[in-house]
Protein chains: 2
Amino acid sequence: MGGLAFRLLLLPFLAPVATTAVNPALRALASLNLQIFPTFQPEEANNYSIYYFDQKIDHFGFYNTKTFKQRYLISDKYWKTYDGVILFYTGNEGDITWFSNHTGFMWDVAEKLKALLVFAEHRYYGESLPFGDDSFKDSKHLNFLTSEQALADFAELIRHLKRTVPGADGQPVIAIGGSYGGVLAAWFRMKYPHLVVGALAASAPIWQFEELTPCGVNLNSEDIQRLKDWLSETWVNLAMVNYPYPANFLKPLPSWPVKEVCQYLTNPYMSDSLLVQNIYQALNVYYNYSGQTRCNNISETTIGNLGSRVWGYQTCTEIILPFCTNGVDDMFEARSWDLDKYSDDCYKQWGVRPRPSWVTTLYGGKDIRSHSNIIFSNGDLDPWSGGGVTEDLSDTLVAVNIPDGAHHLDLRPSTETDPPSLQLARSVELRHMKQWVSDFYGNYRKQP
Amino acid sequence: MGGLAFRLLLLPFLAPVATTAVNPALRALASLNLQIFPTFQPEEANNYSIYYFDQKIDHFGFYNTKTFKQRYLISDKYWKTYDGVILFYTGNEGDITWFSNHTGFMWDVAEKLKALLVFAEHRYYGESLPFGDDSFKDSKHLNFLTSEQALADFAELIRHLKRTVPGADGQPVIAIGGSYGGVLAAWFRMKYPHLVVGALAASAPIWQFEELTPCGVNLNSEDIQRLKDWLSETWVNLAMVNYPYPANFLKPLPSWPVKEVCQYLTNPYMSDSLLVQNIYQALNVYYNYSGQTRCNNISETTIGNLGSRVWGYQTCTEIILPFCTNGVDDMFEARSWDLDKYSDDCYKQWGVRPRPSWVTTLYGGKDIRSHSNIIFSNGDLDPWSGGGVTEDLSDTLVAVNIPDGAHHLDLRPSTETDPPSLQLARSVELRHMKQWVSDFYGNYRKQP
């Protein structure tokens with residue numbers, strides 16, 4: 001692919017960035033919260049109240065008794081206490097107002113389900129910082145950033161709402177989330193089925209976690225590697241946001257941006273210099289669709305904000321997603337998964353080492369059939385769908401596949417250009433949720 | 001009841017004991033491991049190998065990376081790898097060899113189920129001390145003594161066995177435990193259903209946990225209160241070990257010891273001094289059936305060994321079992337549940353404060369119907385059965401009630417004097433376990 005030409009042409013773009021242990025695919029999940037430009041939004045989407053709840057910093061020990069303020073948003077416009085439902089967004093790696101703004105689906109279905117909407121911020125993101133400005137200081141302060149603690153926050157918050165919001169106590173709760181938030185929604189239903197009657201886990205790669213499979217060694221100079229990472233990540237991001245309409249989710253983009261990009265990359269047999277020119281054009285679809293960008297910075301997608309920096313800690317501890325490419329079955333250069341090196345990099349950066357098998361031990365890996373009431377939705381265009389649940393596991397663990405869907409497209413607000421497959425997916429999701437709610441009231445009102 | 005006469009007669013027995021926040025009923029659960037005198041035992045019951053596994057001290061954080069040696073026992077005499085099962089005892093508050101010696105049921109059914117027996121020691125008990133001699137030093141060192149950490153130990157140990165013991169990987173695992181160990185067995189199935197196909201939770205008071213219900217105030221002088229506690233605890237212990245045969249479980253006792261005791265306590269209208277004499281006779285059934293005891297020590301049942309001391313920490317943090325008596329519907333003096341005082345006492349003794357609602361938040365309280373494959377067995381003679389599950393919750397969450405049964409009598413070895421109700425209970429338990437195993441192999445071998 002003409003490594004030298006690349007190097008010469010693109011060296012000016014290279015800015016000094018910290019060496020990071022996180023591979024491009026992992027960063028891609030985190031990069032979802034890089035920029036905040038809501039696109040299509042129901043009018044109500046900003047119509048929420050902001051609250052704070054005192055959460056224990058450590059739910060799993062009794063030595064540290066300190067608390068912090070967890071932020072959450074509430075909208076009760078369409079809520080009916082007699083036969084409504086609480087839709088609870090299990091916040092992921094970013095500012096919760098951003099997820100509220102980008103989860104139009106919840107606002108769209110609120111009226112149909114007579115739902116109270118709750119958006120709960122994930123600890124260590126947005127304003128929900130356990131140790132304030134010191135939260136990211138060192139591994140001691142980061143010690144309480146785990147999925148278990150986050151799920152326990154959600155559990156305590158739900159019990160708090162049931163205790164304090166009149167009418168909430170007799171209501172079913174449904175967990176909803178996308179991407180890592182979708183993983184949390186699924187895990188929440190698995191671990192706290194007494195608190196949520198079901199979960200909609202959109203584009204949740206819960207099966208990206210596996211025992212490690214080393215797949216070779218691949219050495220590169222650091223700068224070249226960084227450049228390649230940046231390219232890889234860009235292609236991954238593009239696939240994730242390959243929406244059927246012009247959108248501004250990560251970046252302002254045309255409809256079906258992958259098609260736009262690929263027109264520049266149809267011929268692998270051109271000269272190195274022409275290929276580089278074309279790659280530049282392709283990149284510009286993503287990085288400069290607005291025409292405002294003068295210079296590309298290959299660190300832009302990686303360490304864009306605090307949120308994604310801390311996501312790096314999570315991918316260095318629990319959220320280990322072994323990822324490798326072989327350059328044969330995929331469009332990326334061969335890239336190995338080297339746990340030892342990964343671990344060393346994590347230790348250098350965060351002072352911690354990953355436990356790759358812990359998530360499987362805790363949440364069950366592929367053996368989750370004893371659970372119930374989880375919808376796993378995936379877009380076939382989304383690179384993360386490979387780690388998702390794309391076949392029904394039982395009558396109540398159902399897969400909803402969206403052939404024309406990108407990364408949790410179903411959670412976006414409905415638009416006139418939604419493909420029929422997307423409309424169908426949303427109606428299936430709604431049907432399941434209605435079923436959970438009616439089952440709940442059937443059982444609840446039957447009790448003495 | 002003649003408080004003054006009591007005081008005069010029994011003051012010589014009073015030895016200085018530390019004020020403890022733990023009420024008698026709570027101590028009763030812990031006192032099960034005070035003495036180690038196995039009674040009827042299948043010959044195999046000592047035929048195990050002892051192993052140690054490196055467990056992370058903190059499963060839920062990445063800052064403390066230290067490990068400790070968890071002890072576990074294994075017996076494979078009857079194990080068949082083709083269609084067997086792993087019976088996994090979820091160790092509770094004491095030395096694991098004691099539980100192995102006293103859980104004759106597992107040894108009795110090993111051949112029928114072609115079972116590998118595993119007895120896993122609970123952290124902070126027996127030899128499984130996270131910080132060695134410093135383990136009980138202060139609240140910082142005790143911080144990792146929680147049910148969540150203990151369950152995570154069990155989970156990691158099972159995965160370790162599956163990885164390292166040839167033939168174990170394709171085997172179903174059933175969790176078994178009694179008393180707090182039974183609570184752990186049930187919780188383990190709830191939280192890690194991918195690791196155990198079912199659980200036998202014997203005399204597990206999982207519903208003793210509730211939101212608090214204050215029930216009055218009751219003040220007494222400290223010594224008198226201690227004496228009364230000791231009496232109350234003795235009656236509770238007697239009911240727990242009211243076995244149909246002469247046994248040596250907590251103490252050497254005749255068959256049906258409650259009957260023996262009650263012959264001295266039939267007339268409430270006698271004079272104070274005669275009543276005290278009779279109470280003394282009644283106590284002697286429990287404390288001096290062997291005729292060797294010269295002097296009763298009212299601290300004997302409470303702080304007998306390290307195990308039960310540390311149990312006090314658990315009842316001061318997670319395992320909050322609100323317990324009160326009113327002296328009207330029960331045979332005990334009125335005793336209130338005062339959380340504030342309880343919390344202050346806990347803080348004085350351990351430097352921690354209880355979180356009474358956490359266990360309900362985490363494990364679901366009474367709302368556990370979405371789980372499956374748990375047998376809740378209870379003896380009607382056991383005071384703890386009041387906090388147990390004594391009615392079927394579903395086809396697979398079943399209650400086994402033993403009218404003539406004391407505290408987890410079903411886990412004891414079978415004897416010729418077992419009442420028919422006990423024999424029936426064990427056969428029902430065995431039938432369920434066989435069903436789980438055959439379901440497992442049915443599904444497992446069906447998979448490609």
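Letters go in sequence order (proteins before strands), and every chain restarts at 1. Given the structure is predicted, the values throughout are model-derived calculations rather than measurements.
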(Q) As an exercise, state the distance from OG of Ser357(B) to CZ of Arg159(A), rounded to the nearest 0.5 Å. (A) 5.0 Å
Q) Considering only heavy atoms from C-beta outward, does the side chain of Thr361(A) approach that of Glu156(B) to under 4.5 Å? A) yes
Q.
Ring-plane angle category for Tyr313(B) and Phe62(A), please: parallel below 30°, perpendicular beyond 60°, tilted otherwise.
A. perpendicular
Q | 4.5 Å side-chain heavy-atom contact, Lys56(A) and Arg355(B) | A | yes
Q: Apply ring-ring contact (aromatic ring centres under 6.0 Å, His included) to His432(A) and list each qualifying residue two or more places apart in sequence or on a separate chain.
A: none
Q. What part of Leu362(B) gets closer than 4.5 Å to chain A, counting heavy atoms only: side chain, backbone, both or neither?
A. both
Q: Working to the nearest 0.5 Å, report the span between CG of Asp58(B) and CG of Asp58(A).
A: 7.5 Å
Q. Among all residues two or more places apart in sequence or in another chain, which pass the side-chain hydrogen bond (donor to acceptor under 3.5 Å, both in side chains) test with Gln171(B)?
A. Trp79(B), Tyr441(B)
(Q) Using 0.5 Å steps for rounding, measure from the CG atom of Leu195(B) to the CG atom of Asp367(A). (A) 8.0 Å
Q) Is Tyr63(A) close to Phe144(B) at the side-chain level, that is, under 4.5 Å between some pair of heavy atoms? A) no
Q.
In the structure I gave you, are the side-chain heavy atoms of Ser370(A) and Arg189(B) within less than 4.5 Å of one another anywhere?
A. yes
Q.
At a heavy-atom distance under 4.5 Å, which candidate from His59(B), Glu148(B), His371(B) has the highest pair count against chain A?
A. His59(B)
**Q.** Segment of Arg353(B) engaging chain A (4.5 angstrom heavy-atom cut-off)
**A.** backbone
